[in-house]
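For reference, the structure discussed in these notes is given below.
Lettering follows sequence order; numbering is per chain, from 1.
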2 protein chains.
Amino acid sequence: MARQPPTKPRKNASQERSRATVDALVEATARILVRDGFEKASTNRIAEVAGVSVGSLYQYFPSKEALVAAVIDRHNEEIMGIVRAALTEVADLPIDKAVRKLVTVAIDAHRINPKLHRVLAEQIPRTGQLRDVEAYNREIQTLVRSYLESRRKEMRKVDLDVATFICVSTIEAIAHNTVLHGAEMLSEKMVKVLADETTRLVVGYLR
Amino acid sequence: MARQPPTKPRKNASQERSRATVDALVEATARILVRDGFEKASTNRIAEVAGVSVGSLYQYFPSKEALVAAVIDRHNEEIMGIVRAALTEVADLPIDKAVRKLVTVAIDAHRINPKLHRVLAEQIPRTGQLRDVEAYNREIQTLVRSYLESRRKEMRKVDLDVATFICVSTIEAIAHNTVLHGAEMLSEKMVKVLADETTRLVVGYLR
DNA sequence: ATGAAAAGCGAGCGAATGCTCACATTATAT
DNA sequence: ATATAATGTGAGCATTCGCTCGCTTTTCAT
């Protein structure tokens with residue numbers, strides 16, 4: 001195997017300037033997605049908005065897809081941070097308290113950046129690289145499952161996997177639809193009502 | 001207002017041959033979407049697969065979007081047919097029987113053409129014309145709401161709109177996730193279990 | 001049979017897009 | 001100060017795509 005010649009293949013940012021470039025690119029991508037939608041997000045435009053040349057863009061991102069993937073990842077990491085925290089925080093709580101917390105957190109998480117969330121949900125074709133970003137879903141599934149397992153005595157007899165699937169799907173869907181339909185405007189009152197109802201739904205199901 | 005000259009603006013198919021052309025185009029679009037995904041569905045390719053020239057395509061469909069919209073519409077109409085039928089069939093049934101039926105129907109409806117369903121859900125950017133195809137959702141919402149209204153005595157006190165929103169979101173999500181995650185393979189056994197559980201979830205919530 | 005309207009054809013235009021490459025600038029090590 | 005690597009530039013290539021338009025073929029009414 002010959003050493004690859006001192007041309008950089010493409011990739012990592014080591015110096016500070018380049019890290020700033022990478023950040024600017026991801027940030028610009030997110031802003032364009034929110035402001036103008038996925039279709040308008042061309043690599044040339046992204047570079048322009050980032051104040052960087054297309055060439056530089058391609059030093060760090062092998063394709064447009066990779067850029068969008070980075071945005072999705074950043075957003076999902078934000079959400080996962082909150083969700084993970086909530087799940088550990090909730091570990092010792094009884095089911096009713098725990099579910100209420102998780103429902104609230106789910107709605108809050110979807111409200112972090114609603115406009116971006118909407119674009120990601122509605123406009124990004126889940127194709128190529130973007131396909132398996134649903135790994136996050138699997139992680140949530142796992143975490144929730146192990147919580148339920150630890151609280152099994154409070155529950156009726158159910159197949160744990162089925163119960164987990166049902167709970168996660170339900171909470172996710174209601175949070176998602178709440179944010180997408182209610183769009184920007186969403187009175188705190190309404191959020192509370194929906195959280196209450198969803199909690200009732202799920203807790204009633206588990207016991 | 002001058003009469004528009006005898007050039008056809010663009011649109012309607014009156015003769016039989018042209019109706020066949022339109023059908024072939026929609027069918028070809030659906031097939032390409034399923035086989036190769038949204039990105040590969042160019043107008044040239046659609047026309048080619050339909051055995052028709054691009055020119056003819058543009059006689060009946062003003063844009064690529066219109067073609068995709070036609071496919072979505074066809075698919076949604078199929079689903080809505082089933083859902084509407086189920087909802088009238090269920091009108092006189094008590095809540096538990098009704099919910100069970102609706103859950104089953106929801107899953108079945110999503111399984112009509114799973115591959116197409118997946119592409120429509122995952123790859124089609126909801127933009128431009130494609131935005132308000134969610135009118136179907138509103139119709140379902142309305143239908144379910146009026147069913148619940150007629151059965152109010154069997155229910156605890158709830159805000160009808162909220163309850164409807166919760167029920168529809170939940171059933172929709174579980175049916176959707178079931179079909180998308182389970183993909184093609186989905187044992188009848190599993191479907192039955194999920195239908196049972198979902199029914200329990202929703203019925204328990206309403207009463 | 002004939003003319004007109006309907007339907008169909010397909011080469012190719014113009015615009016946009018993703019991406020490359022030859023080169024310029026900046027940082028780092030010696 | 002100088003050499004080397006890291007980073008940045010942007011004109012423009014190659015390709016694709018949506019779509020038009022001048023024209024031919026088919027259908028239909030008379």
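- Atom CD1 in B:I46 sits roughly 17 Å away from atom P in C:dG10 (whole-Å rounding).
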Go through the steps for A:V22 and A:F61 under the test side-chain contact (heavy atoms from CB on, under 4.5 Å), then give the verdict. CA-CA 9 Å; A:V22 169; A:F61 297 93; 3.8 Å; yes
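- Contact check, A:T43 against C:dG18: a side-chain N or O comes under 4.0 Å of OP1 or OP2.
- For the pair A:R45 CZ and C:dA15 C1', the interatomic distance rounds to 16 Å; values are reported in whole Å.
- Using modelled atom types, no side-chain atom of A:K115 and backbone atom of A:L33 make a donor-acceptor pair closer than 3.5 Å.
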Letter by letter from the 5' end, nucleotides 21-30 of chain C scores (B base, S sugar-phosphate only, - none; protein heavy atoms under 4.0 Å) B----SSS--
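- Where B:T21 and A:K40 meet DNA chain C, the nucleotide closest to each residue was compared, and B:T21 sits on the side nearer the 5' end.
- Scored by the salt bridge (Lys or Arg N to Asp or Glu O under 4.0 Å) test, A:R74 finds A:E27 as partners (sequence neighbours excluded).
- Nearest heavy-atom pair across A:L25 and A:A50 is CD2-CB, 3.8 Å.
- Nucleotides of DNA chain D nearest to A:V52 and A:N44 differ in position, and the one nearer the 5' end is that of A:V52.
- Taking atom CD of A:E39 as the reference point, atom C1' of C:dA15 lies 15 Å away to the nearest angstrom.
- Atoms CG (A:L57) and P (C:dC19) sit 9 Å apart, rounded to a whole Å.
- Separating the CZ atom of A:R19 from the C1' atom of D:dG8 is a distance of 17 Å, rounded to the nearest angstrom.
- Distances shown here put every side-chain N or O of A:S53 at or beyond 4.0 Å from the OP1 or OP2 atom of D:dG10.
- With C:dA7, C:dT17, C:dC19 as the candidates, the nucleotide lying closest to the side chain of A:S42 is C:dT17.
- Residues satisfying the ring pair (Phe, Tyr, Trp, His ring centres under 6.0 Å) test with B:H117, not counting sequence neighbours, are B:H75, B:H110, B:H176.
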side-chain contact (heavy atoms from CB on, under 4.5 Å) between A:Y58 and A:T43, intermediate numbers included: CA-CA 9 Å; A:Y58 279 97; A:T43 49; 3.2 Å; yes
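- Residue B:R126 places its CZ atom among more than 12 non-hydrogen atoms of other residues, nucleotides or ligands, all under 6.0 Å distant.
- One can place CG of B:L67 at 14 Å from P of D:dC17, the figure rounded to the nearest angstrom.
- Summarising the geometry, the separation between OH on B:Y60 and C1' on D:dC19 is reported as 17 Å, rounded to the nearest angstrom.
- When rounded to the nearest whole Å, the span between NZ of B:K64 and C1' of C:dA15 equals 16 Å.
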